[in-house]
Trainee: 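Encoded as C-alpha cells, here's the structure I'll be asking about.
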Protein chains: 2
Amino acid sequence: MQFSVRLPVATHILLCIEKFQGEYKTTSTFLAGSVNVHPVIIRKTLGQLRTAGLVEVAAGVGGAKLTRSPKDITLLDIFRAVEEEEDLFHFQENPNPQCPVGRNIHRVLGTRLEKIKQHMMDDLAAITLEELLNAVNEEDVP
Amino acid sequence: MQFSVRLPVATHILLCIEKFQGEYKTTSTFLAGSVNVHPVIIRKTLGQLRTAGLVEVAAGVGGAKLTRSPKDITLLDIFRAVEEEEDLFHFQENPNPQCPVGRNIHRVLGTRLEKIKQHMMDDLAAITLEELLNAVNEEDVP
DNA sequence: ATAGATGTAATAATATGTGTTACAATGGAT
DNA sequence: ATCCATTGTAACACATATTATTACATCTAT
C-alpha cells in the first residue's frame, strides 16, 4: 500500500513551473514532457493545484505560474491539494459492540493512528518548494 | 488514499487473542464475530501474523495464541506483517533526464519522503499491544 | 473414524488509479 | 472576425488492489 503518484507529480509540476518561469511557457504539453505523463494528467493536476490556490493557469493562452513564493508552499499544501482528507488507515465498519475489544478498538487505536497521521502532516509542512528547488539546483547531477 | 483495513483488523485480532486467552478458544469464527468480517479474512490475516512470528495457530484443533508478551509486540511488527515493504509514495517511472527537475526529482523528493516514512515507522514502533490492551481494559465504555 | 478447525486456491464484486480520446470553451495573434 | 494553440472536463478503457465468499483438502484431539 502506498500513496498515489499524485503528490510527486504535482510537486514536479510546481518545481518546473517555477524553474522555467520566463524561460519557457509551462503548458501542459511542456510539463508532460518533463514528468513523462499524458498532458491531460497534467491538466487535471493543475486543476487541483488551481482549486487549492497554489497556481494560476492562463486559460486559452496557456502556461501556469505560482500564486506565491516557493518558500510559502509546503508539501502539505500540495498533499492537501491532490489527496482526499481522510484517516490514514481504513477501519472495519461494524465491530461487535458486545465484545470489549470490538466496542473500543476504533477509539483506542484510532486516536493513536490519528496522531501518527498528524506527525506525517507536520513533516510534510516542514518541507518547502524552495528547499526542493534549491536542492535540485545545487545537487544537480547532469 | 488510505491504508487498508488490514493493520486495524490484525491488531483487533491480536487484542482478542490475548484478552480471551484461557476463557474462549479463539478460532477464526470466534474472532470473525468480534471483528465482523468473514472467517476466511481472519484465517488469511492470522496466516500473515504467523509468518511474521507473532502468533501460533493450532491447526486442526483450532485457536491461536501470541508467541510473546503484548509489551513486546508493536504496531510496527503488525504493520510489517500485513503490509508490503515499499515507498510511502509512488513515483513516476521515467521522468525526462534532459530536464534538470526530471533528472533530480526522485532523489531530492524521494530522500525527504523516505524520512517521513521512517518517522511513521518509529511512531508505529512506539505503540505496543500492551498499551492498547490496557486502554481497552481501562477505558472500556460498555 | 469423526467432527470441527485450519490453510489456501479460485472467483467475484467493487473501488481506485492511471492513460487516452474527444471536444467545447478560452483568449491572444493576425 | 477568424484562427489556432491551449485549457477544462467528460467519457471511457484498463490494470491493480481490496474485500467478501465458496469450496475443499488437510489436520488433530477425541
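A, B, ... follow the sequence lines: proteins, then strands. Residue 1 opens every chain. No experiment lies behind these values; they were computed from the predicted model shown.
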Trainee: For dT7(D), does either OP1 or OP2 sit under 4.0 Å from a side-chain N or O belonging to S28(A)?
Mentor: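 Yes, S28(A) has a side-chain N/O under 4.0 Å of OP1/OP2 on dT7(D).
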Trainee: Rounded to whole angstrom units, what separation is found between the CZ atom of F3(B) and the P atom of dA17(D)?
Mentor: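 Between P of dA17(D) and CZ of F3(B): 14 Å.
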Trainee: Any residue in residues 60-68 of chain A with a heavy atom nearer than 4.0 angstrom to DNA chain C? Just list them by number, or reply none.
Mentor: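 Those residues whose heavy atoms fall under 4.0 Å from DNA chain C, taken from residues 60-68 of chain A in numerical order, are G60(A).
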Trainee: Only one of L15(A), V9(A), T11(A) clears side chain to side chain contact (heavy atoms under 4.5 Å, CB included) with I13(A); which?
Mentor: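 Single side chain to side chain contact (heavy atoms under 4.5 Å, CB included) partner of I13(A) among L15(A), V9(A), T11(A): V9(A).
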Trainee: In whole angstrom, what separates K25(A)'s NZ from dA5(D)'s C1'?
Mentor: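 Result: 7 Å.
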Trainee: Anything under 30° is parallel, anything over 60° is perpendicular, the rest tilted; go ahead and classify F79(B) against F3(B).
Mentor: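 Taking F3(B) first and then F79(B), their aromatic rings stand perpendicular (interplane angle over 60°).
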Trainee: Using whole Å, report how far CD of E93(B) lies from P of dT16(D).
Mentor: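 My rounded result for the distance is 13 Å.
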Trainee: With side chains defined as the heavy atoms from C-beta onward, is the minimum distance between F20(A) and C99(B) less than 4.5 Å?
Mentor: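 When only atoms from C-beta onward are counted, C99(B) and F20(A) do touch, with a gap below 4.5 Å.
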Trainee: So K44(B), base contact, sugar-phosphate only, or nothing? Heavy-atom distance under 4.0 Å.
Mentor: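 Answer is base: heavy atoms of K44(B) come under 4.0 Å of a base.
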Trainee: Measuring only between side-chain heavy atoms, which start at C-beta, is V108(A) closer than 4.5 Å to E139(B)?
Mentor: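 V108(A) vs E139(B): side chains touch.
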Trainee: Would you kindly compare G47(B) and Q92(B) by the position of their nearest DNA chain C nucleotide and give the one closer to the 5′ end?
Mentor: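 Of the two residues, G47(B) wins.
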Trainee: Please determine if a side-chain N or O atom of R43(B) lies less than 4.0 Å away from the OP1 or OP2 oxygen of dT22(D).
Mentor: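 False: R43(B) side-chain N/O out of range (4.0 Å or more) of dT22(D) OP1/OP2.
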Trainee: Could you check L75(A), T74(A), I73(A) and say which one makes a side chain to side chain contact (heavy atoms under 4.5 Å, CB included) with I127(A)?
Mentor: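 With I127(A) as partner, side chain to side chain contact (heavy atoms under 4.5 Å, CB included) holds for just one option, L75(A).
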Trainee: Give a yes or no answer on whether the side chain of K25(A) reaches the backbone of V61(A) with a donor-acceptor pair at less than 3.5 Å.
Mentor: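 Yes, because the side chain of K25(A) sits within donor-acceptor range (under 3.5 Å) of the backbone of V61(A).
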Trainee: With nearest nucleotide decided by heavy atoms, which residue, A58(B) or E83(B), maps closer to the 5′ end of DNA chain D?
Mentor: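 The residue closer to the strand's 5' end, by nearest nucleotide, is E83(B).
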Trainee: Please work out whether the ring planes of H106(A) and F91(A) are parallel, tilted or perpendicular, with thresholds of 30° and 60°.
Mentor: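 Geometry flag for F91(A) against H106(A): parallel rings.
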Trainee: Should H90(A) be listed as having a side-chain N or O under 4.0 Å from OP1 or OP2 of dT19(D)?
Mentor: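 Yes.
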Trainee: In whole angstrom, give the distance that lies between atom CZ of F30(B) and atom P of dG4(C).
Mentor: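 So the two atoms are 18 Å apart, to the nearest Å.
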Trainee: Identify, residue by residue, the members of residues 31-42 of chain A with a heavy atom below 4.0 Å from DNA chain D, and return them in order of residue number, or none.
Mentor: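 Nucleic-acid contacts, sorted: V40(A).
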Trainee: For the pair made of CZ in R50(A) and C1' in dT9(D), what is the distance, rounded to whole Å?
Mentor: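 Spelled out: CZ on R50(A) to C1' on dT9(D) is 10 Å.
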Trainee: Hey, is the main chain of R43(A) close enough, under 3.5 Å, to the side chain of S28(A) for a donor-acceptor pair?
Mentor: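 Absent.
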Trainee: Between dA20(D) atom C1' and R6(B) atom CZ, what is the distance in whole Å?
Mentor: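 Spelled out: CZ on R6(B) to C1' on dA20(D) is 14 Å.
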Trainee: Can you tell me how far P of dT7(D) sits from CD1 of I17(A), to the nearest Å?
Mentor: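 In whole Å, dT7(D) P lies 10 Å from I17(A) CD1.
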Trainee: Should S4(A) be listed as having a side-chain N or O under 4.0 Å from OP1 or OP2 of dT18(C)?
Mentor: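 So the side chain of S4(A) is within the cut-off, an N or O lying under 4.0 Å from OP1 or OP2 of dT18(C).
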Trainee: Between the side chains of E130(B) and N134(B), is a donor N or O closer than 3.5 angstrom to an acceptor N or O?
Mentor: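 There is no such pair between these side chains.
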